[in-house]
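Each remark here refers to the structure printed beneath this line.
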2 protein chains.
Amino acid sequence: MTRTLTAKGAATRQRIVDAAAQLIRTAGAAGTSLDDVRAATATSKSQLFHYFPDGRADLLLAVAEHEAAQVLAVQRPWLDDLTTRESWRQWRDAVLRHYVELGDRCPLGVLTAELGKSSPETRAVVGELYDTWEAELARGTQAMGVERPLEVARAILVAIQGGVVMLRATGRVSYLETGLDAGLAPLLR
Amino acid sequence: MTRTLTAKGAATRQRIVDAAAQLIRTAGAAGTSLDDVRAATATSKSQLFHYFPDGRADLLLAVAEHEAAQVLAVQRPWLDDLTTRESWRQWRDAVLRHYVELGDRCPLGVLTAELGKSSPETRAVVGELYDTWEAELARGTQAMGVERPLEVARAILVAIQGGVVMLRATGRVSYLETGLDAGLAPLLR
DNA sequence: CCTGATTTGGACCAGGCCGTCCAGCGAGGG
DNA sequence: CCCTCGCTGGACGGCCTGGTCCAAATCAGG
C-alpha cells in the first residue's frame, strides 16, 4: 500500500498539502479546485495524482489530517500543563490570540464546517481530533479539582467550536471570547 | 425591482425554495446543483431563472432566509416567554429534541457552516439571525435576574452553535447536550 | 556510467454545471 | 372573446472540473 517516496517526492507532496490547506482556509474546500492547487504549487496534474492516487478525496483527507495536527500544535506547550489558574489563563489567551489573528481563515473552522462532512474518512479525523483535544482538556479540569471535570472540558471544547464557526460565518470575534470565558468560568471562579 | 407574481407563481417559487432547502440540508450547498433542484421540484430550467434572476446565488440567498426563519420558528412559542426556570427548561428540551431528531440534516448547521461564507448577502442574513436570537435570549436572562445577562445569553447561543456544528461534523449528540447545559447553568443553579 | 524506478509535464477526455434563449401555453382582465 | 403578460418546457453553448494517459526527465545506487 505504502508507495516508495524519495526525499524529493516527500517534499513535493508536503508542498502540495501545505498549499492546498492554505487555499482551502481562505476559499473553502468547495471553492478550491485541483487546478487551483496545481497553479499555487507550480506542479502538474500528474503529480497530484501521483502523490494522491485517489485524487481529490485523497488530498482532502491529507489536508484534514494536516489541519487537525495544526489545531493541536498551536496550543502547545500550554495545552500540556493545564494545572493552575495561571496556566489556563495563558492557554486561553493563546487560543484567543491565534483565532483572532487568523480571522475567518482558520483551520479549525474549515475542519468543523466543511471537511467533517466531506467523507467518512475525514469525519473520522475530525472525531479523533475532538477526542484527543477533549482528553487533554479533561486532564486539566481534573487537575484543577473542579466538579464534573469531564462535562466542563467538553463544554469548553464546544464553546471554542461555536465561537470559531461563528467567527467564520460573521467575522465577529466576540462570540469566541464570550463563549470561551463562560466555559472557563467554573475553573477560574 | 419587485416583479409581479400571481398566486400560482408565488406558490411555485415557494415550492422551489422548500425543496432546495431540503436538498441542501442533506447534501450541503456545494453538493446541490440547480439540476438537482429542478428534478426535485419537477420544474424547468427557465422557471428557476424566472423566479431567481441571479441564478444560483439568488436561490441560495432565498434558502438562507428561509432557513433562518425556520431556526427561530421551531423555538416558538417557548422562545417568547423565557421568564422562569421551568420555561427555560422547556425551551432547552424543545431545542435539544429538535436537533437530535434532525441529526446532521439541520438548517442551522448549514447556515453557520456553509451559507454564511457563500456571499456577503447570506453572511448578513446569518448575522441578523444571530442578533435577533441573542436579543430574545437576553430578554430571558434579564428577566431571570442573573449576573451579566448579555454575556450569559451570548454564551448560550455559542454553545448551541458549537453543539450543532459538531453534531453535523461527527454525528454525536453529546456535544450539544453538554454545551447547552453548561451554558444554562447560571440560570438554573 | 548504466539501469530501473521515481518524478514531472501537459495534452486530452468525458461529464457536469450554470446560464441563455426562444418558442409555446394558460389565465385573467377588458 | 381576445390579447396581454406571466408561466413553463427544454434545447443549447461554453466553461470548468476531476481524472486518464503516455512520454520525457531526473535521480538513486550498483
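Just so you know, these numbers come straight off a predicted model, no measurement behind them. The chains referred to below are lettered A, B, ... by the order of the sequence lines, with proteins before strands, and numbering in each begins at 1.
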Below 4.0 Å: OP1/OP2 of D:dC27 and any side-chain N or O of A:Thr6: no

Protein-nucleotide distance (A:Asp35, atom CG; C:dG10, atom P), rounded to Å: 13 Å

Nucleotide D:dG19, atom C1' - distance to CG of A:Leu34 in whole Å: 9 Å

Presence of B:Ser33 side-chain N/O under 4.0 Å of C:dC17 phosphate oxygens OP1/OP2: yes

Whole-Å gap separating P (D:dT17) and CG (A:Leu60): 14 Å

Would you give me the side-chain donor-acceptor pairs under 3.5 Å for residues 152-167 of chain B, sequence neighbours excluded?
from     : atom 1 : to       : atom 2 : distance (Å)
B:Arg154 : NE     : B:Glu134 : OE1    : 3.2
B:Arg154 : NE     : B:Glu134 : OE2    : 3.0
B:Arg154 : NH1    : A:Ser174 : OG     : 3.1
B:Arg154 : NH2    : B:Glu134 : OE2    : 2.9
B:Gln161 : OE1    : B:Thr112 : OG1    : 2.7
B:Gln161 : OE1    : B:Tyr130 : OH     : 3.4

Stepwise side-chain contact (heavy atoms from CB on, under 4.5 Å) test for A:Met144 and A:Thr83: CA-CA 6 Å; A:Met144 295 291 288; A:Thr83 52; 5.7 Å; no

Hydrophobic cluster of A:Leu150, others only, ordered by chain and residue number, side-chain cut-off 4.5 Å: none

A:Phe49 CZ to C:dC13 C1', straight-line distance once rounded to whole Å: 13 Å

Spacing between A:Leu5 atom CG and C:dT8 atom C1', to the nearest angstrom: 14 Å

Donor-acceptor list for residues 18-42 of chain B side chains, cut-off 3.5 Å, not counting sequence neighbours:
from    : atom 1 : to      : atom 2 : distance (Å)
B:Asp18 : OD1    : B:Gln14 : NE2    : 3.1
B:Asp18 : OD1    : B:His66 : NE2    : 3.2
B:Arg25 : NE     : B:Glu67 : OE2    : 2.8
B:Arg25 : NH2    : B:Glu67 : OE1    : 3.0
B:Thr26 : OG1    : B:Leu23 : O      : 3.2
B:Thr32 : OG1    : B:Gly28 : O      : 2.8
B:Ser33 : OG     : B:Asp35 : N      : 3.4
B:Ser33 : OG     : B:Asp36 : N      : 3.1
B:Ser33 : OG     : B:Asp36 : OD2    : 3.3
B:Asp35 : OD1    : B:Arg38 : NE     : 3.0
B:Asp36 : OD2    : B:Ser33 : N      : 3.0
B:Thr41 : OG1    : B:Val37 : O      : 2.8
B:Thr41 : OG1    : B:Arg38 : O      : 3.3
B:Thr41 : OG1    : B:Thr43 : OG1    : 2.7

Whole angstrom value for the distance that separates C1' of C:dC17 from CG of B:Leu23: 16 Å

Nearest-angstrom distance from the residue atom CZ of B:Phe52 to C1' of C:dC18: 15 Å

Working for side-chain contact (heavy atoms from CB on, under 4.5 Å), residues B:Arg92 and B:Trp78: CA-CA 9 Å; B:Arg92 182 211 100 112; B:Trp78 302 280; over 6 Å; no

Partner of B:Trp91 under side-chain contact (heavy atoms from CB on, under 4.5 Å), chosen from B:Leu79, B:Asp80, B:Asp81, B:Leu96: B:Leu79

Spacing of A:Leu129 atom CG and A:Leu108 atom CG [to the nearest 0.5 Å]: 7.0 Å

Relative orientation of the end axes in the helix from C:dC1-D:dG30 to C:dG30-D:dC1, expressed as an angle to the nearest 10° (five pairs per end): 10°

Residues that B:Ser119 engages under side-chain contact (heavy atoms from CB on, under 4.5 Å), provided they are two or more places apart: B:Glu121, B:Thr122

Footprint string (nucleotides 8-13 of chain D, 5' to 3'): B base within contact, S backbone only, - free, heavy atoms under 4.0 Å: BBBB--

Between D:dG19 (P) and A:Arg38 (CZ): distance, integer Å: 15 Å

Euclidean distance, A:Arg148 CZ relative to A:Thr141 OG1, rounded to 0.5 Å: 12.5 Å

